[in-house]
Amino acid sequence: VTLWHGCTALAKKDIEANGIDLTRCAVDTDFGRGFYTTTLERQARLWAWDQFFRWRARHPRGTGNQPVVLRFRVRRYSVT
């Protein structure tokens with residue numbers, strides 16, 4: 001199955017360098033702390049833009065960041 005995750009380019013770099021760190025995930029989200037994915041690419045795109053605009057509000061003069069969508073391919077069932 002293909003899963004999508006929307007984030008920013010800076011978050012993507014961190015994920016590539018350090019993996020997914022759940023301690024860095026927000027606690028006050030819909031279903032609690034976690035790394036959120038979706039099966040809908042368009043939903044991940046919306047999440048990416050949301051994260052980018054939040055980052056932009058905190059860093060109005062910041063550069064070098066943009067919305068990014070990550071694709072994960074995972075097995076639906078484990079192979080024994």
Side-chain angles (χ1 to χ4, degrees):
V1 66
T2 301
L3 299 174
W4 304 92
H5 174 76
C7 60
T8 64
L10 296 176
K12 175 184 177 274
K13 275 179 134 175
D14 188 49
I15 291 168
E16 290 175 336
N18 304 308
I20 297 167
D21 181 1
L22 296 179
T23 64
R24 299 193 61 189
C25 299
V27 178
D28 59 346
T29 53
D30 291 342
F31 301 104
R33 177 176 279 164
F35 184 80
Y36 287 77
T37 60
T38 178
T39 56
L40 303 174
E41 183 180 3
R42 70 180 175 271
Q43 185 176 24
R45 287 186 190 282
L46 291 173
W47 289 347
W49 279 100
D50 183 59
Q51 290 300 309
F52 172 73
F53 287 130
R54 288 178 189 210
W55 177 84
R56 195 74 167 137
R58 292 188 311 271
H59 305 89
R61 296 176 190 226
T63 60
N65 204 7
Q66 62 188 7
V68 174
V69 174
L70 305 180
R71 181 181 65 188
F72 295 90
R73 291 187 177 166
V74 297
R75 290 186 185 274
R76 187 179 300 264
Y77 305 102
S78 63
V79 178
T80 56

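For clarity, every value in this text was computed on a predicted model and none was experimentally measured.
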Over all heavy atoms of both residues, which pair between Trp55 and Leu10 is shortest? Give the atoms and the distance, please.
NE1-CD1, 3.8 Å
So CZ of Arg71 and OG1 of Thr37: to nearest 0.5 Å the spacing works out to 14.0 Å
Flag yes if Leu3 and Val69 sit in one hydrophobic cluster, no otherwise; membership is Ile, Leu, Val, Met, Phe, Trp, Tyr, and two members link when side-chain heavy atoms are under 4.5 Å apart.
no
Relative to each other, are the rings of His5 and Phe35 parallel, tilted or perpendicular (30° and 60° limits)?
parallel
Around Arg56, counting heavy atoms of other residues, nucleotides and ligands shown, do more than 12 lie under 6.0 Å from its CZ?
yes
Count the heavy atoms of every other residue, nucleotide or ligand shown that sit under 6.0 Å from CZ of Arg24, and state whether that count exceeds 12.
no
Hey, what do you get for CG (Asn18) to CD (Glu16), rounding to the nearest 0.5 Å?
10.5 Å
Calculate, to the nearest 0.5 Å, the distance between atoms OG1 and CZ belonging to Thr8 and Arg54 respectively.
12.0 Å
Using the side-chain contact (heavy atoms from CB on, under 4.5 Å) definition, which of the options Lys13, Arg45, Lys12 pairs with Val68?
Lys12
Which label fits Phe53 and Trp49: parallel for a plane angle under 30°, tilted from 30 to 60°, or perpendicular past 60°?
tilted
Within a strict 4.5 Å, meaning less than it, do heavy atoms of the Tyr36 and Phe31 side chains meet?
yes
Determine, using the 4.5 Å side-chain heavy-atom cutoff (strictly less than), whether Ile20 and Val27 are members of one ILVMFWY cluster.
no
Indicate if Phe72 and Leu40 have the same hydrophobic cluster label, given that clusters are the connected sets of ILVMFWY residues with side-chain heavy-atom separations under 4.5 angstrom.
no
Is it true that a side-chain atom of Arg33 and a backbone atom of Cys25 form a donor plus acceptor pair closer than 3.5 Å?
yes
CD of Gln51 to CG of Leu46: how many Å apart, nearest 0.5 Å?
12.0 Å
Do you know the tightest heavy-atom contact between Ala48 and Cys7?
CB-O, 3.5 Å
Would you say Leu22 ends up clustered with Leu70 if hydrophobic residues are merged whenever their side chains have heavy atoms under 4.5 Å apart, either directly or through other cluster members?
yes
